Amino acid sequence: MKTRMRILGLTPLLVLALLAGCGKKETAEEQPAANPAGPAATPIDPATAATVTGTVKFEGTAPKAAKIDMSQDPNCTGTNTAETVVVNGGNLANVFVYVKDGLGNRTFDAPKEPVTLNQSGCKYKPHVLGAMAGQTISIVNSDPTTHNIHPTPKDNREWNESQAPKAPPLEKSFARQEVMMPVQCNQHPWMRMYIGVVKSPFYAVTGADGKYEIKGLPPGDYTLAFVHERLGEQDQKVTLGAKDSKTVDASFKPGA
């Protein structure tokens, strides 16, 4: 009987110990230790760095820009045309250009300076934004209305966050490479843009003139990818020698 009572007396203590152990395990899983620092960035000799430039064209008749109905929010007073396919004089804007292959095992530090994504006139500006993995994206609301920023990635963490007028910038980043990640506003369904997240600083977005420039590349053989939200992707190869400056153009057709 005495032995049985001792066991029964110990049982609550054992239960408490087990519960405490489980609690510690859950806390550790919810708050994992920070990842160790990655490999040091591979230095590039600026004396041998090369540059690639070019123009992206649109072949054929450009589609007429769709009209956007912003009447659901009286605070939205921006231009009311979609930016799905923007063509000026045969030049295609908003094409994300990046070095897809050829850098091997080189690693690069994410810039300390953030890139800015603005919300103005109830539209995202720019329509296509480039950033390195791990780089801060500063999201600004310049409108007198609340927005709801909602990236829908495949390989990164999805989030959905509101931002009131004059609220402090939201500071976000994406850990993994993911090209042309869609971003929408749940408050204003016509608001849509794309973020190109890459592992190197060698990327660009074509402007209204269809032009791009990627500089600082080490000599080598590369594959350039030209990616458009509607017209798809084209890849082109280029070989760059020391101090080279080469032109690589691309063109897209309707219905690509």
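Everything numeric in this text was worked out from a predicted model, so none of it was measured.
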Exercise for the section: Say whether Asn91 and Lys57, considering side chains only, have a donor N or O and an acceptor N or O under 3.5 Å apart. Expected result: yes
Practice task
Output yes when a side-chain donor or acceptor of Asp244 lies under 3.5 Å from a complementary backbone atom of Lys246, and no otherwise.
Solution key: no
Handout entry: Val52 side chain near Leu224 side chain, heavy-atom distance below 4.5 Å
Key = yes
Problem - Donor on one side chain, acceptor on other, Glu59 and Ser251, under 3.5 Å - result: yes
Problem - Gap between atom SG of Cys122 and atom CG of Asn80 - 0.5 Å precision - result: 11.5 Å
Handout entry: His228 side chain to Arg230 backbone, donor-acceptor under 3.5 Å
Key = yes
Exercise for the section: List the steps, then state whether side chain to side chain contact (heavy atoms under 4.5 Å, CB included) holds for Met193 with Val128. Expected result: CA-CA 6 Å; Met193 62 85 60; Val128 176; over 6 Å; no
Handout entry: Inter-residue atom distance Lys211.NZ - Thr55.OG1, 0.5 Å rounding
Key = 3.5 Å
Practice task
Could you check if a side-chain atom of Asp101 sits within less than 4.5 angstrom of a side-chain atom of Tyr222, using non-hydrogen atoms only?
Solution key: no
Problem - Side chains of Lys154 and Met181 in contact at under 4.5 Å (non-hydrogen atoms) - result: no
Problem - Min side-chain heavy-atom separation Met191-Gln184 under 4.5 Å - result: no
Completion exercise
Taking every heavy atom of Asn118 against every heavy atom of Ser142, the minimum-distance pair comes out as OD1-OG, 2.8 Å
Completion exercise
On a heavy-atom basis, the closest approach of Pro182 and Tyr194 is CA-CD2, 3.8 Å
Exercise for the section: Evaluate the criterion ring pair (Phe, Tyr, Trp, His ring centres under 6.0 Å) for residue pair Phe202 and Phe108; output intermediate values, then yes/no. Expected result: CA-CA 10 Å; Phe202 304 120; Phe108 304 90; 5.5 Å; yes
Exercise for the section: Answer yes or no: is there a side-chain heavy-atom contact under 4.5 Å between His127 and Glu229? Expected result: yes
Problem - Within one Ile-Leu-Val-Met-Phe-Trp-Tyr cluster: Phe174 and Met180, side-chain cutoff 4.5 Å - result: no
Problem - Under 3.5 Å side-chain donor-acceptor pair for Thr145 and Asp143 - result: no
Exercise for the section: Might you point out which heavy atoms bring Gly134 and Ala110 nearest each other, and give the distance in Å? Expected result: C-CB, 4.0 Å
Practice task
Show your working on side chain to side chain contact (heavy atoms under 4.5 Å, CB included) between Gln177 and Tyr98 and close with a plain yes or no.
Solution key: CA-CA 12 Å; Gln177 176 164 302; Tyr98 74 104; 4.1 Å; yes
Handout entry: Side chain Asn148, main chain Gln163, donor-acceptor under 3.5 Å
Key = no
Problem - Pairwise distance CG(Leu117) to CG(Leu170) - rounded to 0.5 angstrom - result: 10.0 Å
Handout entry: Single-linkage hydrophobic cluster Ile137~Val140, side-chain heavy atoms < 4.5 angstrom
Key = no
Practice task
Would you check, one step at a time, whether the test side chain to side chain contact (heavy atoms under 4.5 Å, CB included) holds for Val198 with Val179?
Solution key: CA-CA 7 Å; Val198 289; Val179 176; 4.2 Å; yes
Handout entry: Presence of salt bridge, Lys100 and Glu233, under 4.0 angstrom
Key = yes
Problem - Donor-acceptor contact below 3.5 Å, side chain Thr152 vs main chain Val183 - result: no
Handout entry: Same apolar cluster: Tyr203 and Leu103, side chain cutoff 4.5 Å
Key = yes
Exercise for the section: Check whether any side-chain heavy atom of Val97 lies under 4.5 Å from a side-chain heavy atom of Val95, and answer yes or no. Expected result: yes
Practice task
Measure centre to centre between the rings of Phe226 and Tyr212, then say whether the value is under 6.0 Å.
Solution key: yes
Practice task
Using a 4.5 Å cut-off on heavy atoms from C-beta on, say whether the side chain of Tyr124 contacts that of Cys185.
Solution key: yes
Handout entry: Single-linkage hydrophobic cluster, 4.5 Å side-chain cutoff, Val248 and Leu92 together
Key = yes
Handout entry: Gln236 side chain vs Asp249 backbone, donor-acceptor pair below 3.5 Å
Key = yes
Problem - Under 3.5 Å donor-acceptor, Lys123 side chain and Thr81 backbone - result: yes
Practice task
Drop me the distance from Asn94's CG to Leu129's CG, to the nearest 0.5 angstrom.
Solution key: 11.0 Å
Handout entry: Donor on one side chain, acceptor on other, His150 and Glu158, under 3.5 Å
Key = yes
Problem - Whether Asn88 side chain and Asp209 backbone form a donor-acceptor pair below 3.5 Å - result: no
Fill in the blank from the handout: Heavy-atom nearest pair, Pro165 first then Pro144, reads CG-C, 3.6 Å
Handout entry: Criterion side chain to side chain contact (heavy atoms under 4.5 Å, CB included) on His188 and His147, from CA distance to verdict
Key = CA-CA 7 Å; His188 305 98; His147 290 297; 3.2 Å; yes
Practice task
Would you kindly say whether Asp221 and Thr239 are connected by a side-chain donor-acceptor distance under 3.5 Å?
Solution key: yes
Problem - Side chain proximity check, Gln72 to Trp190, heavy atoms < 4.5 angstrom - result: yes
Practice task
Check whether any side-chain N or O of Gln135 sits under 3.5 Å from a backbone N or O of Val197 as a donor-acceptor pair, and report yes or no.
Solution key: no
Exercise for the section: Compare every heavy atom of Pro111 with every heavy atom of Met132, then report the nearest pair and how far apart it is. Expected result: SD-CD, 3.6 Å
Handout entry: hydrophobic_cluster_shared for Val227 and Val238, side chain cutoff 4.5 Å
Key = yes
Fill in the blank from the handout: Shortest non-hydrogen pair, Ile149 vs Gln119, comes out as CG1-OE1, 3.4 Å
Handout entry: Charged N-O contact under 4.0 Å between Lys172 and Glu161
Key = yes
